[in-house]
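Provided herewith is a single structure, encoded as structure tokens, for subsequent inquiry.
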There are 2 protein chains.
Amino acid sequence: MNDFLTLNKQLCFAVYETAGEFNKLYTSVLQPFELTYPQYLVLLSLWEKDEVTMKELGAKLNLGTGTLTPMISRMEANGWLRKERSKEDERKVFIYLKTKARIEQPHITKRVAEEINLCKIERDEYEQLMKNLNGLHRKLKERLKSAGA
Amino acid sequence: MNDFLTLNKQLCFAVYETAGEFNKLYTSVLQPFELTYPQYLVLLSLWEKDEVTMKELGAKLNLGTGTLTPMISRMEANGWLRKERSKEDERKVFIYLKTKARIEQPHITKRVAEEINLCKIERDEYEQLMKNLNGLHRKLKERLKSAGA
DNA sequence: CACGATTTAATCGTATACGATACAATTACT
DNA sequence: AGTAATTGTATCGTATACGATTAAATCGTG
């Protein structure tokens, strides 16, 4: 007599494999721009609000410096943005988008929108998922915080 | 005038960061068992159906051999399972759980259940998310398939 | 039987992702 | 003024995750 839920009934696995599919879908769209999926998320954040510190960007994307520092360095090497250490507080590093990111934005946005449209996700389905995922995300975050993790 | 959706309204980012939170939550629970989150998903699959081939396991978890082969090798080295090449078809490698995985199952399952219960996810919220995520996952997979990816 | 096509697993190189640690800079306190 | 505490970034080691490639094994066809 098994007392485990099957893999297919685990919410964590549903999120895990959906995240994996999103990764594959975006990777295929972004490859011609020589961007990875997480780098695209960085650009999304910076297109919305440029000139932020590494700390602020990390908080926005929920990523530690172990992930963010090498990623930003790669994006700088590829000409998307530049880093500049603050004169006022030398602990802080500011991120600035370069013109390449500005120029490519409409192209990238258009291609991504086309691809997402082709998935035929209904608007109410989208909104309900957003609402439910945000609720779930909040609960997980609160549980992690109160566990002292 | 910006024509992009903000990061916080992107479904892909909601999935991305929720997956990240699940990873952190499970990692903290599984660390005492010296298991990682993806390894736990492997065990979940094998507890449900043991004695499968690498191909079958990869299909179940939606993972390629570049990810699965080293992961299974690490789990073999840590005593969770063993690999055995088929005599009938030497291309195939079978995976068998070892007693350690059987013995530890109730302990792991109990700890995970406790932790998930502490997240206070309502049953209807859970079921609605599962339904919606499975629908989304199917659409993404179909789009990837028809794009020849 | 030989050979091409296909299948399965392994390997490789690259990019995250994480937690721990180190270091430099700033802030707070005595 | 000196020192401890805190902050912010970088580095390190390990574990995925992916797509491309390689190698061995099997299958199908002539």
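Chain naming here is simple, since letters A, B, ... match the order of the sequence lines and numbering starts at 1 in each. Small disclaimer: the values here were computed from a predicted structure and weren't measured.
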For this session: Report the distance from atom CE of Met71(A) to atom CG of Leu57(A), rounding to the nearest 0.5 Å.
Result: 8.5 Å

Problem set entry | Contact boundaries on DNA chain D for chain A, cut-off under 4.0 Å to non-hydrogen atoms | dT7(D) to dG19(D)

Problem set entry | Sidechain N-carboxylate O distance under 4.0 Å for Arg102(B), Asp50(B) | yes

Exercise. Residues in ring-ring contact (aromatic ring centres under 6.0 Å, His included) with Phe33(B), at least two apart?
Worked result: none

Exercise. Quick one: side-chain contact (heavy atoms from CB on, under 4.5 Å) partners of Asn23(A), sequence neighbours excluded?
Worked result: Thr27(A), Tyr37(A)

Exercise. How long is the span from the CG atom in Leu11(B) to the CE atom in Met130(A), to the nearest 0.5 Å?
Worked result: 6.5 Å

Identify every side-chain donor-acceptor pair in residues 86-97 of chain B under 3.5 Å, counting partners at least two apart or on other chains, and give the distances.
| from | atom 1 | to | atom 2 | distance (Å) |
| --- | --- | --- | --- | --- |
| Ser86(B) | OG | Glu88(B) | N | 3.1 |
| Ser86(B) | OG | Glu88(B) | OE1 | 3.4 |
| Ser86(B) | OG | Asp89(B) | N | 3.2 |
| Asp89(B) | OD1 | Arg91(B) | N | 3.1 |
| Asp89(B) | OD1 | Arg91(B) | NE | 3.1 |
| Asp89(B) | OD2 | Arg91(B) | NH2 | 3.0 |

Exercise. Taking C-beta and beyond as the side chain, do Lys141(A) and Lys145(A) meet within less than 4.5 Å on heavy atoms?
Worked result: no

For this session: Write down the distance between NZ (Lys24(B)) and P (dA20(C)), rounded to a whole number of angstrom.
Result: 12 Å

Problem set entry | Residues in contact with DNA chain C, drawn from residues 83-95 of chain A - heavy-atom cutoff 4.0 Å | Glu88(A), Asp89(A), Glu90(A), Arg91(A)

For this session: Run the numbers on Val29(A) and Tyr26(A) for side-chain contact (heavy atoms from CB on, under 4.5 Å), then give the verdict.
Result: CA-CA 5 Å; Val29(A) 175; Tyr26(A) 276 83; 5.6 Å; no

Exercise. Reckon Thr53(B) touches a base, only the sugar-phosphate, or nothing at all at heavy-atom distances under 4.0 Å?
Worked result: sugar-phosphate

Exercise. Which parts of residues 63-78 of chain B get close to DNA chain D, meaning a heavy atom less than 4.0 angstrom away?
Worked result: Leu63(B), Gly66(B), Thr67(B), Met71(B), Arg74(B)

Exercise. Are Lys100(B) and Asn78(B) close enough that a side-chain donor and a side-chain acceptor fall under 3.5 Å?
Worked result: no

Problem set entry | Ionic contact status for Glu115(B) with Arg111(B), cut-off 4.0 Å | yes

